Amino acid sequence: MKLYKWLGNEQETDTLKNKGWFVLRSGRDAAAINEQEVPAGDQIESYEVLDQKGKLEDGAFAVFNNIPVTEEGRELFESRFQNRAGLVEKEPGFAAIRILRPLDSDTYVILTMWEDESAFTTWQSSQAYSHAHKKRGTSEGIDKRPNIFPRPSFVTTYSK
């Protein structure tokens, strides 16, 4: 299964919305996602879905955790997510998750959808979040492996 992500400005979203894209906004910026076959375009990023739970349309607040990974680090990075505990799915306000392998770049995306921003921030202070990130910054964490991350990760958020 694939997922397609478009980034642009809010004025350009009407056409995509009419074609069945799920449109999200952040100020004047917008993101649109689609899990159907879509022709490639300049502003469209393509991903292979490695793991998924829930329905994207059940959420109103999207968090895109964008994580650049070197070619050498892909196998280790993917195995980390294949063996995840899956506790986020049990959190109040959780709607969906997609673990996305990039087809056109080196940046993986962990997309989570939430009922609202408050549900996401509540999860960030939960025991489930602490458990999911307990090895970060330790000798057991993949973030301490040399040459796995060519540059820092970044988070972008959007609302319905």
Side-chain angles (χ1 to χ4, degrees), residues 1-36 38 41 43-69 77-78 80-138 141-143 149 151-160:
M1 179 174 185
K2 292 184 180 172
L3 181 138
Y4 302 91
K5 179 176 79 171
W6 172 91
L7 298 173
N9 66 54
E10 189 175 9
Q11 289 92 5
E12 300 174 274
T13 60
D14 288 341
T15 302
L16 292 172
K17 198 171 191 177
N18 291 336
K19 291 181 178 179
W21 286 70
F22 185 68
V23 175
L24 302 154
R25 292 174 176 80
S26 178
R28 293 183 187 175
D29 295 329
I33 49 182
N34 191 323
E35 294 182 296
Q36 306 301 317
V38 175
Q43 293 176 278
I44 297 175
E45 299 172 11
S46 303
Y47 300 90
E48 181 177 347
V49 179
L50 298 178
D51 190 16
Q52 66 176 14
K53 300 284 187 276
K55 295 179 180 178
L56 296 174
E57 60 271 12
D58 289 346
F61 184 75
V63 179
F64 292 81
N65 191 356
N66 303 275
I67 307 168
V69 178
F77 183 80
E78 289 180 17
R80 157 70 175 88
F81 281 96
Q82 289 169 344
N83 297 308
R84 66 187 185 85
L87 298 176
V88 68
E89 291 98 24
K90 298 174 182 148
E91 288 299 303
F94 170 84
I97 187 170
R98 299 292 185 274
I99 311 298
L100 305 173
R101 175 193 290 144
L103 298 179
D104 307 317
S105 75
D106 67 349
T107 303
Y108 284 75
V109 175
I110 312 306
L111 166 60
T112 54
M113 293 294 298
W114 299 88
E115 182 178 284
D116 55 29
E117 186 174 2
S118 175
F120 171 68
T121 57
T122 298
W123 172 69
Q124 285 183 302
S125 61
S126 72
Q127 288 184 359
Y129 182 89
S130 295
H131 179 75
H133 299 93
K134 68 183 175 185
K135 293 181 181 179
R136 183 185 287 167
T138 72
I142 65 171
D143 58 323
F149 303 111
R151 54 193 181 283
S153 63
F154 63 96
V155 173
T156 52
T157 60
Y158 297 87
S159 298
K160 222 184 215 183

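In this text, all values refer to a predicted model and were calculated from it rather than measured experimentally.
- Under the salt bridge (charged side-chain N to carboxylate O under 4.0 Å, His left out) criterion, no residue pair touches residues 113-125, with sequence neighbours excluded.
- Tested against Tyr158, the residues Leu24, Val63, Val23 include a single side-chain contact (heavy atoms from CB on, under 4.5 Å) partner, Leu24.
- Residues Glu45 and Leu7 meet the side-chain proximity criterion, which asks for heavy atoms closer than 4.5 Å.
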Ignoring hydrogens and angles, write down the donor-acceptor pairs under 3.5 Å from the side chains of residues 13-22, residues two or more places apart or on other chains.
{"from": "Thr13", "atom 1": "OG1", "to": "Glu10", "atom 2": "O", "distance (Å)": "2.8"}
{"from": "Thr13", "atom 1": "OG1", "to": "Arg25", "atom 2": "NH2", "distance (Å)": "3.3"}
{"from": "Asn18", "atom 1": "ND2", "to": "Asp14", "atom 2": "O", "distance (Å)": "3.2"}

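- Tyr108 contributes atom OH, which lies 13.5 Å from atom CG of Asn66 (distance to the nearest 0.5 angstrom).
- We find the OG1-CZ distance between Thr157 and Phe64 to be 9.5 Å, quoted to the nearest 0.5 Å.
- Between Phe149 and Phe77, the ring-plane angle classifies as perpendicular under the 30° and 60° cut-offs.
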Met1 and Leu3: CA distance, side-chain angles, deciding distance, side-chain contact (heavy atoms from CB on, under 4.5 Å) verdict: CA-CA 7 Å; Met1 179 174 185; Leu3 181 138; over 6 Å; no
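- Looking only at distances, no side-chain donor or acceptor of Glu91 sits under 3.5 Å from a matching main-chain atom of Val88.
- Sorted by first then second residue, the salt bridge (charged side-chain N to carboxylate O under 4.0 Å, His left out) pairs that include residues 92-114, not counting sequence neighbours, are Glu35-Arg98, Glu48-Arg101, Glu78-Arg101, Asp106-Arg151.
- Counting heavy atoms from C-beta on, the side chains of Tyr4 and Tyr47 never come closer than 4.5 Å.
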Criterion side-chain contact (heavy atoms from CB on, under 4.5 Å) on Ile110 and Ile97, from CA distance to verdict: CA-CA 7 Å; Ile110 312 306; Ile97 187 170; 4.3 Å; yes
